[in-house]
Amino acid sequence: MANVQNKKIVVFIAHNQAMEESLSANALAKEVADRGWTVSVAAADPEQDALEMLLEICRKQPPDGVVAAGPRSFLDRVPPVIEIEGYGGLRPVPVNLVERCAFLRRAKDDALSSAVRQIEVAAARCVARQPIEMVERSIQRVALVVGTGNSGALVATHLLTAGLKVIALAYGEQPRTPMPEGAEVIATARLHALSGFPGDFQAFITRPDGTLVKRVGAVVIAQEAQRGRPSLSDAVLADKRVIRLNDLSTSTGNQGVRSLGILLDLGGPESRAVSTLVQQAALEAAADGATVTVFYRHMAVHGRAGQFEYDKLRESGVHMIRYDRAPVVEPQDNGVRVSAHDMILGEAEINTTVERLIVTDPVLPSPISSELARLLNQPVDREGFLQPANVRHLPVGSPRKGVYFAGSGHRNLSENEAWREAVAVAGQVTALLSASSMLAPKALVQHNREVCAMCLTCLRSCYHGAISLAEDGSTIHFEPGACWECGLCASVCPQRAITRLFSPEAELRAAVRAAGKPMNGEAPVVAFLCQNSPVLALERAGRLGLQLSPRVVVVEVPCAGYISQTEVLAALNAGAGRVVVAACHEDNCRSLQGSTSARDRSGQVRSDLKALGLSPGRVEFEGLAANEPYRLIEILSGAAAATRTEQEVAHG
Amino acid sequence: MAAEIELPGLTEEVCMNGDGDILVVGGGVAGLTAAETLADFGWRVLLLEKQGHLGGHSHHWACMATEACNRCSACAVCDRLRRVTSDARIRIRTQARLVTLEGSDGAFIAGIEPAGNSDSVCRSHPNFVLTAAESVPVAKVVLATGFTPFDPSELPLLNYERFGAVMSTVDVDDLILQNRLTEFITQQENRVAFIQCVGSRDRERGRDYCSQFCCKTSIRLARKLLFERPDLQITIYYIDLQVNRKEFRTFFSEMQGKIRFVQGTPAEILPAEQGPGLRVKVFNPETNQIGYETHDRVVLAVGQTPNAGTRRLAERLNLAVGPDGFLALAEPGRGARSSRPGVYLAGACARPSDMADSCLQAMAVAAEIGAPVNVTATVRPLLAIGSY
């Protein structure tokens, strides 16, 4: 077996018919063998056999690195870490050949040279890789529910049904709503800090008499929103005949009221939850014989049940006045007068005097939510509610694995939705804690304490909760079980005190050097593609049969947060004509800041190039979604065409 | 054999069969989410998809990002898809449909057969395709068969088929997906209107429901169009704007100055009296008169309708259908159980649902089913997928 830098690299090529259409696996194997790597070829139909074969090869005589090349259906089944007894875990580098080759169906030679280049890039990564030591860690079958409102109680109930232990934190002296039997309620308590990893967190809880530490497998932040003040004058709100919806007694309701008015949408469109309550109140009053008038702007129906309720309301004889500008409310001797312009009737002003007027309270995030967001290092959304509005984690998840959100404190919910959400959250927690233990890497980064200035930039940039401050504040702790491997901590560290072990700098540099080498005398385009969007878009482009220039060499990264000036410049230095950094769109980054970090760093390189009198256009940053395959190809083809033009100009 | 089996535990026989202990029908957002969550619980899952590709309608949805992501969630399906295809506990069969379901809760025998539409074979997963009919023992069944977008040609006054300039939100999405927006609107044209509730909130046609997603779709689409073409004048005709979901109130108020929102949905689209464009008949509250507005393009925000095959499927599987043609839930609004024990419903096959709701329903279905009884404690595989 031939060695590359004294490392044994196994290239395993699985192939199927789709791949053979554009590239012969045997021809590729020959090229690869010529470069001195051990190569095995297997048919990927059925893919399971091919995978078994690969694992067998690795176990028999553990190599230093594995390049798993083949169709996506095979690569999807390749585990992120191949465990080898007494040796540690090997991380294979997957290379998707089918999609790459589908791009190049019309030119078989291009398909071959492009595939060889992608394997060279992968092999270069393998050489720089170290085996990862895996450890088995226990899982606590206990869930911590923070908040004892409606959603907290519902989540706790479903968790108990699923057989988990539940600890519920009440910020007040009593739970806001009765908690189910079997839940351990800790009152007058606040969550103060959370460390550890999903499956085994340490929750630090402060109480008047001291701090408690509880080991819990998962955390559900079940906060409810709080009420704001309706946008009406003090005088109007002070009037006893003006009742805020939340103050309406559920037992007496509007009994004995002969004329009832309900005023909606004063502070913007109401939520479905409010419209349900209002419709119930209106129906009850109408059934009691009252004259009911609803003043509204938009009726929140949102779905089938809402339309059903709304239909009932309209059929009940309730007067519906859809106003176009905010009505004027004036308390008078004989009742509360509401003057509104009906949108349909136009200019005619309708004056209605009612015995009682119900107004609604705006829904606002509670101060406890912002405190929780701060201590969990989770941004709130643009309205100040819990949970960042990031589609990677919606509807109930968070960038912190094992931390879930429920209740109106994170989003607006109708009664049925709140119920469904509680069931769903309980399900996610149960699924997470269904195993008795988990395998996690022993370490994913190396922290050089001598160099570290304790500036905590890394801690602030990690929304996954994988970095915490030691209790005495003397150092920081990295938790591999919570890490998503976005690499942001290492790339933002001003002291370069953090070294990635999972995909070290040396690996990326080696990949970049291999990628940037001229191909048949032509300068390639090095495309750094984030795994979470652009890589998916590339796969989809392949499935659509779109054409891509063979000049484009792809370097996949787990997150665009990996990319710093060094990598971009290294690619140009290696001979790349252009560098494209493709990340997820802003606010779509799984690690929240990876995309913006890559954008800023690419921008930095561009201005550096300009200062040096070079073309800043040689570095391009693009935000891209998984469902933008056409745009991705346009961007990459554009870069390839521009490189070709530049090269032709340069060569006269 | 079915009657002898106790509920809800599984018999040895079912457990021994490696072919999926839970059958999930439908590979859209609800089906993928249900399959993923059930697999996390420790079930083996057989996922059936009628088409040649997974992902359902998201296949035609474009990204709505402008300067930043606008949370349309279409890409979230791609994410889920990757997780499902890489999960060894989930067996996938495309171009496959469920035709019979014998037995009862805990011990069903599902008859599956090739769906016969070979138009869209997935290139990267050709070995997912079901080639021959099979009988599969399964404990539970989750139906996530989705919806069909309303066909606007059912409303002849809207002239969807007659005028090329009248399009549906689905059509515009498809053009954006393919980077062909210039075909939608030329440089000379700049007046675009959206008409909401096309095929929704229409009692006459038995569609007396709000489809839940279309207000958000149109406002996002309008923002995307404005991002590409800042000179556009966009009007949205609506009945009640549904400003629900995370951050959507902020999003809506940001758009209020940039888009004209007009209450009342035009029922008829006519050609312009002279020159290019289309006329719609609307009530103008400012002049207090009924008049005409001219637009260059009119986009119809189509709602969700039950699939054409829903009734047939319900008959075959002995399931109840609701008055609006969607599959009926045993307890509307709450649980996900259908009228037949052991058969659950997730997503838009049971009620019009947006993405967030479909995801939530699918997660809730998995939670309702719970963990398999006979599963032994296991070591959870590594969660991180950052393997490069």
Side-chain angles (χ1 to χ4, degrees), chain A residues 18 45-46 71-73 76-77 80-81 91 98 268-269 272 298-299 301-307 324 343 346-347 381-383 389 391 395 401 411-412 416 419-421 423-424 426-427 431 434-439 484-485 503 536 543 556 558 585-588 625-628 630-631 634, chain B residues 37 40-42 61-63 65 68-69 71 73-76 78 82 85-86 88 123-127 178-179 201 208-210 212 240-244 246-247 249-250 263 285 288 333-334 351-352 356 359-361 363-364 366-368 370-371 377-380 382-388:
Chain A
D45 299 317
R72 180 49 67 186
S73 56
D76 279 347
R77 307 276 175 178
V81 175
R91 297 195 154 208
V98 167
R272 260 279 282 133
H298 296 283
M299 187 55 72
V301 286
H302 208 253
R304 184 164 61 180
Q307 182 70 41
D324 54 359
M343 208 181 252
E347 279 308 296
D381 72 13
R382 284 191 287 175
E383 287 160 16
V391 296
K401 280 182 274 183
R411 66 175 202 143
N412 223 314
N416 284 341
W419 186 87
R420 267 203 299 276
E421 182 185 82
V423 179
S434 63
S436 55
S437 62
M438 79 173 274
L439 265 189
W484 274 111
E485 304 183 10
S503 186
L536 295 172
R543 290 200 288 277
E556 297 186 16
H585 283 288
E586 189 179 336
D587 291 347
N588 188 263
N627 55 342
E628 293 187 294
Y630 293 89
R631 221 189 109 219
E634 196 180 273
Chain B
T37 317
D40 281 343
F41 268 116
W61 291 338
C63 170
C69 170
R71 284 110 196 176
S73 302
C75 63
C78 308
R82 177 183 256 190
T85 52
S86 59
R123 280 189 59 83
S124 61
H125 296 112
N127 36 5
Q178 295 177 36
N179 231 3
R201 306 188 76 178
D208 191 21
Y209 50 78
C210 156
Q212 211 181 64
D240 292 286
L241 285 170
Q242 300 304 310
V243 186
N244 253 291
K246 213 165 168 49
E247 279 191 353
R249 278 169 71 100
T250 306
Q263 208 278 331
N288 200 12
R334 283 292 159 107
R351 54 171 106 63
C359 277
L360 213 59
Q361 287 171 36
M363 287 176 182
E368 258 185 83
T378 47
V379 173
R380 193 178 64 200
L382 190 69
L383 283 180
I385 56 158
S387 56
Y388 289 77

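Bear in mind that the values here come from a model prediction, so they are computed numbers and not experimental data. All values below were derived from every heavy atom in this structure, side-chain atoms included, with hydrogens, water molecules and symmetry-related copies excluded. So that the names make sense, note that chain A is the first sequence line, chain B the second, and so on, each numbered from 1.
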*Asks:* Heavy atoms only: give me the nearest Glu586(A)-Ala68(B) pair and the separation to one decimal.
*Replies:* O-CB, 3.6 Å
*Asks:* SG/Cys78(B) to CD/Glu628(A) distance, rounded to the nearest 0.5 angstrom?
*Replies:* 10.5 Å
*Asks:* Taking Glu421(A), Glu634(A), Arg420(A) one by one, which has the highest count of heavy-atom pairs under 4.5 Å against chain B?
*Replies:* Arg420(A)
*Asks:* Quick one, Cys75(B) and His585(A) - any side-chain contact, counting heavy atoms below 4.5 Å?
*Replies:* no
*Asks:* I need the minimum non-hydrogen distance between Ala431(A) and Thr37(B), along with the two atoms involved.
*Replies:* CB-O, 4.5 Å
*Asks:* Which heavy atom in Pro352(B) sits nearest to a heavy atom in Arg304(A), and how many Å separate them?
*Replies:* CD-CB, 4.2 Å
*Asks:* Do the non-hydrogen side-chain atoms of Val301(A) and Arg201(B) ever get within less than 4.5 Å of each other?
*Replies:* yes
*Asks:* Just give me the residue among Ala367(B), Ser86(B), Ser73(B), Ala356(B) that pairs up with chain A most often, heavy atom to heavy atom, under 4.5 Å.
*Replies:* Ser86(B)
*Asks:* Report the option among Asn627(A), Val423(A), Val391(A) that has the most heavy-atom pairs separated by less than 4.5 Å from atoms of chain B.
*Replies:* Asn627(A)
*Asks:* With no hydrogens and no angle check, is any side-chain donor or acceptor of Arg249(B) less than 3.5 Å from a backbone partner on Pro269(A)?
*Replies:* yes
*Asks:* Taking all heavy atoms of Gly427(A) and all of Phe41(B), pick out the closest pair and write down the distance.
*Replies:* O-CZ, 3.4 Å
*Asks:* Tell me which of these, His302(A), His298(A), Glu383(A), has more heavy-atom pairs under 4.5 Å with chain B than the rest.
*Replies:* His302(A)
*Asks:* State the CG-CD distance between Asp587(A) and Glu247(B), to the nearest 0.5 angstrom.
*Replies:* 7.5 Å
*Asks:* Under the side-chain contact (heavy atoms from CB on, under 4.5 Å) rule, what do Arg72(A) and Arg82(B) come out as? Steps first, then yes or no, please.
*Replies:* CA-CA 10 Å; Arg72(A) 180 49 67 186; Arg82(B) 177 183 256 190; 3.7 Å; yes
*Asks:* Looking at every non-hydrogen atom in both residues, tell me the closest pair between Lys246(B) and Asp381(A) and how far apart they are.
*Replies:* NZ-OD2, 2.9 Å
*Asks:* Considering only heavy atoms, which portion of Ala62(B) lies under 4.5 Å from any heavy atom of chain A: side chain, backbone, both, or neither?
*Replies:* backbone
*Asks:* Relative to chain B, which segment of Ala305(A) carries a heavy atom at a distance below 4.5 Å: side chain, backbone, both, or neither?
*Replies:* neither
*Asks:* Just wondering, do Asp324(A) and Gln263(B) contact through their side chains at under 4.5 Å, heavy atoms?
*Replies:* no
